Structures are given as C-alpha cells and as structure tokens.
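One structure is given below, encoded as structure tokens.
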Number of protein chains: 2
Amino acid sequence: MIVLLLLLKVYLVIMRDLSIKIKLTPGLYLKDPDSTELGKRIISNSIVLINELGFEKFTFKKLSKKINSPESSIYRYFENKHLLLIYLTSWYWSWIEYRVVLSVININNNLDKLDKAIDILTMPVNEDKSFSYINEVILDKIIIAESVKSFHTKEVDVENKKGCFESYKKLVTRLAQMILDVNPDYKYPHMLITTVIEGAHQQRYFSEHLPKLTDTIKTEDTIVAFYKELVQKMISSK
Amino acid sequence: MIVLLLLLKVYLVIMRDLSIKIKLTPGLYLKDPDSTELGKRIISNSIVLINELGFEKFTFKKLSKKINSPESSIYRYFENKHLLLIYLTSWYWSWIEYRVVLSVININNNLDKLDKAIDILTMPVNEDKSFSYINEVILDKIIIAESVKSFHTKEVDVENKKGCFESYKKLVTRLAQMILDVNPDYKYPHMLITTVIEGAHQQRYFSEHLPKLTDTIKTEDTIVAFYKELVQKMISSK
DNA sequence: GTATTATGATAGTATTACTATTATTATTGA
DNA sequence: TCAATAATAATAGTAATACTATCATAATAC
C-alpha cells in the first residue's frame with residue numbers, strides 16, 4: 001500500500017514537472033504565450049481556427065476577431081503565423097515525449113518499452129487529456145494535416161539554428177536511443193523513427209483524404225500494426 | 001541482331017508513347033501549357049523560380065517578370081499557384097512512372113523488377129534527362145522540398161475528385177502491383193510504397209536541413225539501402 | 001501613488017491574389 | 001489575300017494579407 005502511494009506520488013511529481021516543462025525555447029515567440037491570459041487565448045483559439053480554416057487561410061486578422069483582441073496584440077506574441085505553427089508543433093512533440101516517458105516508466109523490458117512508445121507515436125489522439133488550455137485532439141489533427149509545413153520552408157536552416165525544432169529532435173533522439181537499447185548494433189535508428197512518426201501521420205491523412213494511397217480498414221488500426229511490424233523487422237538482428 | 005533491333009524499336013515506341021502520355025488531366029489547368037510556347041516558358045521558369053524562392057514566396061507576379069509576360073497571361077493557364085504546383089508534381093510522378101516502366105521492361109524476375117523500381121523511387125535525380133523544356137534535376141528538388149504542400153490543403157477532397165492526384169495514384173497502384181507480383185499475400189502494398197516514396201524524399205530533405213533527424217552519410221547512399229531493406233523485410237513471407 | 005507593463009484602438013503600407021478591359025499581334029480558313 | 005478568330009500584351013483596379021507604428025488606457029508591481 002505504501003509502495004503504491006509512493007509510486008503515485010512519483011507519478012504526480014513527474015507529471016507536474018513535465019507539464020511545467022512544456023515551456024518552449026524563447027526563439028519561438030516574442031512573448032511567452034503561456035505567461036498571460038491573452039497568450040493562452042491566442043494558443044487555444046488558433047488551434048481551433050487553424051483546424052477549421054486550414055493553415056493557408058488562417059490569418060492573425062481572423063484570429064483577432066475570434067478572440068476580440070486587436071491583430072497587433074497577437075503580433076506581440078508571435079512574429080508571424082508560421083512561427084505560431086512551429087510553436088504548436090513544438091508543444092505537441094514535447095507533449096508526446098512526456099506521454100512516452102510516462103507510459104514507459106514502469107516497464108523494465110526494453111522491447112516492451114519501445115513497443116509502448118510506438119503505440120503513442122502511431123495511435124490517434126482520441127480524448128482530450130485536458131492539458132490546461134490546449135485541446136490535444138484538435139491539435140493532433142492539425143499536426144497530421146499541417147505539421148510538415150513547419151519545416152518545409154526556405155527559412156528552415158535559420159530557424160533550425162534558432163532551436164525551433166529542438167522538441168522534435170529531442171523526441172527522435174530519445175526514441176533512437178530506445179531502439180539502440182533493444183539492438184545496440186542497429187545502424188539507422190533516427191531514419192527508422194522519423195519514418196515511423198511521419199509515416200503514421202501520413203497514412204492517417206491518406207486514409208481520410210486519399211484512400212487509394214493506403215490500405216487502412218475502418219474497423220481495425222492497421223497503421224499501428226504496420227509500423228510496429230516495420231520496427232520489429234528492421235531492428236531484429238539478422 | 002534482328003531481335004536487338006526489334007527490342008530497340010519497342011523501346012522507342014514505348015518512350016515516345018509515354019513521353020507523349022505526359023499530358024495531364026485537364027482538371028489541372030485552364031489551358032494546356034504544353035500546347036504553346038508561353039505555356040512551356042511558364043512551366044520551365046516556374047520550376048526554376050519555385051526552387052529559388054520556395055513555394056510560399058513564389059508568386060505569379062514574380063514569374064511574369066521573369067518571363068516578361070503579364071501576370072494575367074499566366075492566369076489563363078493556371079487558376080492559381082497551387083494548381084501549378086499540382087501540375088508540376090503530377091508531371092513528376094508520371095515521369096517517374098515512365099522511368100520505372102522503362103527500366104523494368106527487360107527484367108523478367110519480379111523481385112529484380114521491384115528492386116530496380118525502388119531504385120528509381122529512392123535515388124536522387126542527378127542528371128537532367130533533357131525531357132523537352134523541363135529540368136528534371138531542379139524539379140526533383142522542388143518535389144522533395146514542396147510536394148507535400150500539393151495535397152495538404154483544405155481543398156484536397158475537391159481536387160482529388162477532379163483527378164488532380166491521378167498521376168501519383170497511378171504510380172502507387174503500379175508499384176503496389178509489383179509488390180503483389182512478388183508476394184501475392186502481402187496485405188499492405190500501398191502503405192508500404194507510400195512509406196517508401198515519401199520516406200525517401202523526407203530523409204533527403206532531413207539530411208540537408210535537419211541532419212539530427214536522420215543517419216545519412218555523405219559518402220554512401222544510405223537512403224536507398226535503408227528503404228530497399230525495408231521493402232525486402234516487409235514483404236518476405238517470413 | 002507612481003512607474004512599469006500589457007492591452008486596446010486606430011491607422012497606414014507594401015504586397016498578394018486575383019479580375020476586368022482594351023489593344024495589339026499571330027494564326028486560320030474561305 | 002482579307003476577314004475572322006484566337007492568343008497575348010498592356011494597363012488598371014480591388015479586396016485581402018501581412019505586417020508596422022502610434023498613442024491611449026487599463027492592470028500590476030514596487
């Protein structure tokens with residue numbers, strides 16, 4: 001009983017610690033949106049609006065109407081909508097990493113750990129985990145539909161130097177290490193992981209919009225199964 | 001000797017046939033750019049300019065300056081720059097399919113055929129095959145950097161109905177069939193192929209801009225090797 | 001209770017993404 | 001060969017986008 005309570009405490013501390021840690025590098029914003037009420041309204045409403053309009057048709061003007069604040073106030077938080085998108089994706093990847101860490105903490109077999117982690121990377125987010133002011137279900141949709149745009153720009157090298165993609169790199173690094181923990185000789189852990197992460201998102205997008213490009217079945221989750229098999233076959237020595 | 005000449009003739013007929021076949025569905029354009037001098041200048045210069053500026057900063061205005069024709073003339077060929085991008089990617093996938101068909105025609109082992117096809121899907125385009133007025137080396141760069149934007153929009157479903165993505169689907173269907181020719185029991189041929197195609201492009205992009213997300217080595221082509229192994233391991237009936 | 005900071009209100013600008021109109025060539029076809 | 005047709009050029013214009021600037025006001029901190 002005491003052990004259980006202790007475990008629970010460890011959980012909560014980690015959760016609290018990590019939830020507080022979803023503070024992102026200052027290179028992403030002009031003013032930390034997590035530090036004010038307006039900032040939080042910008043984040044939560046931009047998620048809804050980007051999902052509704054798509055990133056191309058989303059503008060700060062429209063967002064300003066939605067939150068009843070002047071456009072110029074939004075510009076005090078983010079240089080432009082592209083950096084806001086990077087902020088959202090960074091938050092997302094940090095949140096995914098937090099969930100990976102949490103879900104793996106009481107597993108002591110490396111293969112099982114990796115398996116659990118792949119689950120989190122490839123499964124869709126179905127319920128809002130009610131992480132403060134961010135709707136994770138909608139954010140997950142945005143990531144599937146829009147996240148590739150965050151790094152497919154001419155500014156990618158400059159932004160990369162500024163640290164804009166650290167959250168994603170951190171997650172990939174962690175998972176690459178988890179692969180190496182299972183098979184220390186495996187040569188391409190980063191390629192494998194990004195193939196899985198981006199591939200799973202891509203397949204989800206295809207199954208909704210371009211079903212001829214995939215083989216998903218409505219009733220069962222073929223995507224998770226496919227990428228789990230992929231990882232297993234690739235890292236099995238021999 | 002006669003056999004050789006006959007083979008050559010078959011080659012040329014196929015080449016001519018396919019090269020002529022890189023006429024794309026009329027849903028993509030208002031006026032076929034392949035039918036006029038101006039249309040061809042629009043295509044060839046847009047490839048160069050999109051590569052230079054990136055798709056976001058590319059505009060019909062800037063293109064019109066480059067080709068010394070009014071902006072309104074470009075609008076007579078394409079409704080907007082997004083449909084021009086779809087046109088370019090469609091042309092690209094049709095061209096890739098043409099190369100796949102050609103490279104595989106004199107191989108009679110299904111596994112070797114697939115292997116050769118994966119080569120074409122995953123290798124970068126190094127030399128301009130001088131296909132008329134289109135620079136395939138630069139086009140390949142655009143596809144790697146920008147092609148995901150062609151279908152990651154709110155209009156994807158409408159455009160899909162108009163046939164905008166038929167070239168890509170046709171290629172994927174052909175390769176899925178090639179997988180089934182090797183292993184008729186394999187369940188996810190489309191997923192596997194899109195994972196390979198998009199994955200290879202993604203890894204090339206990462207190796208240039210976000211190297212922490214991949215494991216490529218400058219000296220050798222790890223990307224081709226990685227995805228070949230992936231396909232082989234996935235379809236081998238264990 | 002003043003200094004600081006955050007937000008609101010308003011205005012303005014260059015560029016983008018188009019549409020429209022008319023003039024001028026080039027091509028076709030009778 | 002001349003008229004009709006089609007294609008392009010030249011020019012103008014508009015609403016929206018992507019910002020920047022300024023000043024007033026409200027909230028908070030010391």
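In what follows, chains carry the letters A, B, and so on, assigned in the order in which the sequence lines appear, proteins first and then strands, with residues in each chain numbered from 1. Since we're looking at a predicted model, the values are computed, not measured. Note: hydrogens, waters and symmetry copies are ignored here, and every other heavy atom, side chains too, is used.
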Sequence-aligned protein contact record of nucleotides 25-30 of chain D, with B where the base is within under 4.0 Å of a protein heavy atom and S where only the sugar-phosphate is: ------

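Under the side-chain hydrogen bond (donor to acceptor under 3.5 Å, both in side chains) criterion, B/His152 pairs with no residue at all, not counting sequence neighbours. A/Glu155 meets the salt bridge (charged side-chain N to carboxylate O under 4.0 Å, His left out) test with B/Lys57; sequence neighbours excluded. Contacts of A/Asn80 classified as side-chain hydrogen bond (donor to acceptor under 3.5 Å, both in side chains), with partners at least two apart in sequence or in another chain: none. When the side chain to side chain contact (heavy atoms under 4.5 Å, CB included) test is applied to A/Arg204, the partners found at least two apart in sequence or on another chain are A/Pro124, A/Ile144, A/Asp221, A/Ile223, A/Val224. A/Tyr92 meets the ring pair (Phe, Tyr, Trp, His ring centres under 6.0 Å) test with no other residue; sequence neighbours excluded.
A side-chain contact (heavy atoms from CB on, under 4.5 Å) with B/Trp95 is found for one member of B/Val125, B/Leu139, B/Ile134 and no other, namely B/Val125.
Running 5' to 3' along DNA chain C, contacts with non-hydrogen atoms of chain B at under 4.0 Å begin and end at C/dT16 to C/dA20.
Here D/dA18 presents its P atom at 14 Å from NZ of A/Lys65, a figure rounded to the nearest Å. Rounded to whole angstrom, the span from the CD atom of A/Glu71 across to the P atom of D/dT22 amounts to 17 Å.
Direction change of the helix axis from one end of the helix from C/dG1-D/dC30 to C/dA30-D/dT1 to the other is 20°, with five pairs defining each end axis (rounded to 10°).
The aromatic ring centres of A/Tyr205 and A/His201 sit 6.0 Å or more apart.
Atoms CD1 and CG, on A/Ile43 and A/Asn135 in that order, are 13.5 Å from each other to the nearest 0.5 Å. In this structure, B/Glu52 CD and B/Asn45 CG are separated by 10.0 Å, a value rounded to the nearest 0.5 Å.
A/Phe60 comes within 4.0 angstrom of no nucleic acid atom, judged by non-hydrogen atoms across all strands.
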Please write out the pairs of protein N or O atoms and N or O atoms of nucleotides 4-9 of chain D separated by less than 3.5 Å, giving the distance to one decimal.
unit_1	atom_1	unit_2	atom_2	d
D/dT8	OP1	B/Tyr77	OH	3.0
D/dT8	OP2	B/Lys31	NZ	2.9
D/dT8	OP2	B/Tyr77	OH	3.0
D/dA9	OP1	B/Ser69	OG	3.1
D/dA9	OP2	B/Ser69	OG	2.8
D/dA9	OP2	B/Ser73	OG	3.4

Heteroatom pairs (N/O) under 3.5 angstrom, protein to nucleotides 14-17 of chain D:
unit_1	atom_1	unit_2	atom_2	d
D/dT17	OP1	A/Lys62	NZ	3.4

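Looking at B/Thr194 and A/Gln203, their side chains do bring a donor and an acceptor atom within 3.5 Å of each other.
Heavy atoms of other residues, nucleotides or ligands lying less than 6.0 angstrom from NZ of B/Lys149 number more than 12. Other residues, nucleotides and ligands contribute at most 12 non-hydrogen atoms within 6.0 Å of the NZ atom of A/Lys212.
Pairs passing the ring-ring contact (aromatic ring centres under 6.0 Å, His included) check and including a residue from residues 33-62 of chain A, sequence neighbours excluded, read A/Phe60-A/Tyr75.
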I'd like a table of donor-acceptor pairs (distance under 3.5 Å, sequence neighbours excluded) in which one partner is a side-chain atom from residues 29-40 of chain A, with atom names and distances.
unit_1	atom_1	unit_2	atom_2	d
A/Tyr29	OH	A/Leu24	O	3.0
A/Asp32	OD1	A/Asp34	N	3.0
A/Asp34	OD1	A/Tyr133	OH	2.5
A/Asp34	OD2	A/Lys23	NZ	2.8
A/Ser35	OG	A/Asp32	O	2.6
A/Thr36	OG1	A/Gly39	N	2.9
A/Thr36	OG1	A/Tyr77	OH	2.5

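Taking the six-membered ring where the residue is Trp, A/Phe206 and B/Phe151 present tilted rings, their angle falling between 30° and 60°.
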